[in-house]
Amino acid sequence: MLRNYLKIALRNLRKHPAYTGINVFGLSLGLAAALLIFLYARNELTYDRTHENAERIYIAYKERVTPTGVQATYDTWVPLLDRMRADLPGIAGGARALETDMWVQQGERKFEEVITYADPSYLNLFTFPFVRGNPEDPLPDENSVVVSEAVAQKYFGEADPLGQVLTLDFERDYTVTGVMETLPLNSTEQPAIVVPLSSAPWYDEVQEEWGSSFISTYLLLDENTAVADLEARFPALVESIWDAETAGRTNFKLLPLLEAHDTFTGNRKYAFILLAVALVTILIACINFINLATARSLERAKEVGMRKVLGARRGQLVRQFLAEAALLGLGALVLGLALAQLILPTFNRLYELDLRLNLLAEPFLLPALLVMALAAGLLSGAYPAFFLARFRPVASLRGKLAQSP
């Protein structure tokens, strides 16, 4: 029986290609637009969640209290991490990092790159999957370097990068000991070339220096550490390093890694606004879809009458109209997914994103889209299914919309 309903539904849709095309394309365009908006919003709202310990990672920063207000700065002192771990409870680990531009050479290849000087623990604090090398001991000595897949391809092509040598700043050679997998673009940390912080030519001069702050300090807190309790100890720490006067005009703070991107860009509120726009877009597309289907249903009164004369029961007519509506909804969903996939590369290029439509990685996305498409289709079929099916056969054939009692 179902097969028969579908066959008749397809026949009716083919008989009216303009109506079918306009209705399906309109809904599919709305679904595609909403899907792209959703992917962008999700990208913003899941920043840095690729790191396994993201909820426990914090960025240490300071607020300078001045006569004109409070100024937040995210540069810290080289010895700060060791001092915090020694004096404060609840800190499970940490790392320091500094990015700088430097010339990198390998054979005849020479490019200016962004180099990350970092503690070896930096590569374990954050989740940087390795495709080559030992992630447990990524920087075994001061002459080691870990590179991204893009850098490995750039300098070594298809050759094995492990054991190869990169020369930094035309002075010091580093041996490649690891290759990191390419990270999603919604990760704040995007290191390309990582070398030990202790190998920096200026490290010995600043490792105990409290006069100049220029490095980033990341902390991994114990699972049960209360951030507010830890921050309450900071004034005493500042006073022990400098003096009471400095402690009075310096506020030490911890910024959660998961809040960092929004703190620097303010994009989270726009992501929620866009999600509301996506919802409105789908609603408008569904309303247009329903209106077109309802308007056309008025043309089918004689068809309903003829079927009743030939013996069709009301329940059969209801199922027939709903089958046609469901087919339209499913067709719109398939076309909408295809349109989104087609537009996505251009969308990524225009906004410098790396969004991907992977329905298997989003177990709730396909069911949600399926429910929306079917709901729109079934709602559009509700009028002909439950209203036209009640027409009296003789009145319907005469063009009068009299209902059966």
Under the rule for ring pair (Phe, Tyr, Trp, His ring centres under 6.0 Å), what residues qualify as partners of [X], not counting sequence neighbours?
| X | answer |
| --- | --- |
| Y58 | none |
| F264 | Y74 |
| H261 | Y47 |
| F156 | none |

Sort and list the pairs that fulfil salt bridge (charged side-chain N to carboxylate O under 4.0 Å, His left out) and have at least one residue in residues 157-186, not counting sequence neighbours. R132-D160, E142-R172
Pairs involving residues 84-98, ordered by first then second residue, that meet side chain to side chain donor-acceptor pair (under 3.5 Å) (sequence neighbours left out): R83-D87, R96-D119, R96-Y203
Quick one: side chain to side chain donor-acceptor pair (under 3.5 Å) partners of [X], sequence neighbours excluded?
| X | result |
| --- | --- |
| T225 | none |
| T100 | none |
| K110 | none |
| T281 | none |

Got a sec, which residues hit salt bridge (charged side-chain N to carboxylate O under 4.0 Å, His left out) with K253, two or more places apart in sequence or on another chain? none
Can you tell me which residue pairs pass the ring-ring contact (aromatic ring centres under 6.0 Å, His included) test with a partner in residues 113-151, sequence neighbours excluded? H51-F126, H51-F128, Y117-W202, Y122-F126, Y122-F128, F126-F128, F126-Y218
Evaluate the criterion side chain to side chain contact (heavy atoms under 4.5 Å, CB included) for residue pair N251 and K62; output intermediate values, then yes/no. CA-CA 6 Å; N251 298 326; K62 59 183 181 293; over 6 Å; no
Side-chain donor-acceptor contact under 3.5 Å, T177 with N134: no
